[in-house]
> 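The structure that follows is given in the form of structure tokens.
Side chains are part of it too, since the values below use all heavy atoms of this structure and drop only hydrogens, waters and symmetry mates. Please read all numbers here as calculations on a predicted model, not as lab measurements. Here is how names work: the chains are called A, B, and so on, in the same order as the sequence lines, proteins then strands, and each is numbered from 1.
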2 protein chains.
Amino acid sequence: MEKSQDALVLLRQIIRATDLHDKHLSRMTGLTMPQLMTMQTLRINGPLTIGMLAKEMNLAQATVTSILDRLERKNLVRRERSNTDKRKVLACPTEQGQELLKSAPTTLQDTFIRQFDDMHDWEQSMIVAALEHVSHILGAHHIDAAPMLDIGALDRTSDNHMPEYLKPTHPPFKN
Amino acid sequence: MEKSQDALVLLRQIIRATDLHDKHLSRMTGLTMPQLMTMQTLRINGPLTIGMLAKEMNLAQATVTSILDRLERKNLVRRERSNTDKRKVLACPTEQGQELLKSAPTTLQDTFIRQFDDMHDWEQSMIVAALEHVSHILGAHHIDAAPMLDIGALDRTSDNHMPEYLKPTHPPFKN
DNA sequence: ATCCATTGCTTTGCATTGCAAAGCATTAAC
DNA sequence: GTTAATGCTTTGCAATGCAAAGCAATGGAT
């Protein structure tokens, strides 16, 4: 019955490895982890309202506001109002922000994918099946997750279509 | 070649599930996550010097000092000096601290173990093998990890023998 | 014995996270 | 048109997290 212990240790190792890698990435980019997480979330989901961002990241709106303040000061993100609902504010990555994400090595999943693709087909299937099992055991199968190991990107949305009602119009604003 | 994507999503789900569970635990116990992590680390490794604690948790010593200040204020941890090397300070869980850890539900790995043990032997082996593979891919196989999913407890040390040279002597101290 | 570098922890100062509550503007409802 | 709900910001506060400076104890060196 100690095989379960082995499995737990392995899981913990895996989780920890991603954690350490996140911290590494954070140092590389000069951003804090929540800041990086914000950028990644935007990168995956495209421009989002502050409320959406908060929900995606499981943070309070006020928290996201202050994180965005700092990202905006670094010219990595721009705030734009929706033209149809002027209460909403969109967070959009700037050129510079997109550059940073591109230049920032996301080596962890790259490494994973490279090695994974080198494996035999049956090995790949075995791993996916096993992970599915574990995910199910932990009740995680319902959790929305992007295919990103670095920093918690949370929602899969490959089609980055921005709804009409969110289209930005005017330049940033002051309060 | 999209099986790697599936695997990544599953991994992310798993990681996220433990993260959410940690936050839940944190609310239940009334402790912040770093505080809980500290308590768990102490629970697993037994009394540790502040420096060791910091290393285990990958934090700066100064950070751990301030966390311990708050845990001590809550009477969950006691500081004691080593008698042989008076520079060293040991963090020891108090009665109350041990109570809290016992009453705090660690349901995540419990759930895991229960369901895992219900599985067929070949399924168990398959999962362990798959996890081993993943761990190796991520370069995580060298990472010291305790069999704990909740909060990053890091080093396995079931025998909580405290070395002579660390035995506490005098009551807490003031600075 | 005495000086010196090292070790171990704390203090200080600062930036960031995180939240709740209050505030403000816009929108929706009636 | 008044009222309620929504969306974001501001304010105030506690907790992380770190580096740098500080202090005491240790372990060598000579």
> Of all residues at least two apart in sequence or in a different chain, which pass the side-chain contact (heavy atoms from CB on, under 4.5 Å) check with B:Met52?
B:Leu48, B:Thr49
> Quick one: A:Gln61 CD to C:dC19 P, roughly how many Å, whole number?
12 Å
> Rounded off to whole Å, could you give me the CD-to-P distance for the B:Glu72 and D:dA15 pair?
15 Å
> Please identify each residue that fulfils side-chain contact (heavy atoms from CB on, under 4.5 Å) with A:Ser135, with sequence neighbours left out.
A:Ala140, A:His141, B:Leu10, B:Gln13, B:Ile14
> Quick one: which protein N/O atoms are closer than 3.5 Å to N/O atoms of nucleotides 20-23 of chain D? Pair and distance per line, please.
none

> Output the rounded distance in Å from NZ (A:Lys86) to C1' (C:dA28).
15 Å
> At under 4.0 Å between heavy atoms, which parts of nucleotides 1-7 of chain C does protein reach? Answer with one letter per nucleotide, 5' to 3': B base, S sugar-phosphate only, - none.
------B
> What are the two closest non-hydrogen atoms of B:Leu42 and B:Ala91, and how far apart are they?
CD2-O, 3.5 Å
> Find the distance B:Leu71:CG to D:dA15:P and express it as a whole number of Å.
11 Å
> For B:Asn75, which residues count as a side chain to side chain donor-acceptor pair (under 3.5 Å) partner, sequence neighbours excluded?
none
> For A:Asp19, which residues count as a salt bridge (Lys or Arg N to Asp or Glu O under 4.0 Å) partner, sequence neighbours excluded?
none
> In plain terms, say whether A:Glu72 and A:Arg79 are close enough for a salt bridge, that is, a side-chain N and a carboxylate O under 4.0 Å apart.
yes
> C:dG18 C1' sits how many Å from A:Lys55 NZ, rounded?
18 Å
> Quick one: which of D:dT9, D:dC18, C:dC9 gets closest to the side chain of A:Arg79?
D:dT9
> Not counting sequence neighbours, which residues clear side-chain contact (heavy atoms from CB on, under 4.5 Å) with B:Gln61? List them please.
B:Ile50, B:Ala54
> Can you find a side chain N or O atom of A:Thr65 that sits less than 4.0 Å from OP1 or OP2 on D:dC8?
no
> For B:Thr65, what residues pass the side chain to side chain donor-acceptor pair (under 3.5 Å) criterion, not counting sequence neighbours?
none
> Strictly under 3.5 Å: I want the nitrogen or oxygen pairs between protein and nucleotides 14-17 of chain C, one per line.
residue	atom	partner	partner atom	Å
C:dT17	OP1	A:Thr32	OG1	2.1
C:dT17	OP1	A:Gln35	NE2	3.4
C:dT17	OP2	A:Arg70	NH1	2.1

> What integer distance in Å separates A:Asp69:CG from D:dT9:C1'?
9 Å
> For A:Asp121, enumerate each residue passing the salt bridge (Lys or Arg N to Asp or Glu O under 4.0 Å) test, keeping only those at least two apart in sequence or located in another chain.
B:Lys3
> B:His24: what forms a ring pair (Phe, Tyr, Trp, His ring centres under 6.0 Å) with it, not counting sequence neighbours?
none
> Check side-chain contact (heavy atoms from CB on, under 4.5 Å) between A:Gln115 and all other residues, then give those that pass, not counting sequence neighbours.
A:Thr111, B:Ile137
> Which whole-number value in Å describes the distance from A:Asp85 CG to D:dA5 C1'?
12 Å
> Figure out the CG/C1' separation between B:Leu31 and C:dG18, and round it to whole Å.
16 Å
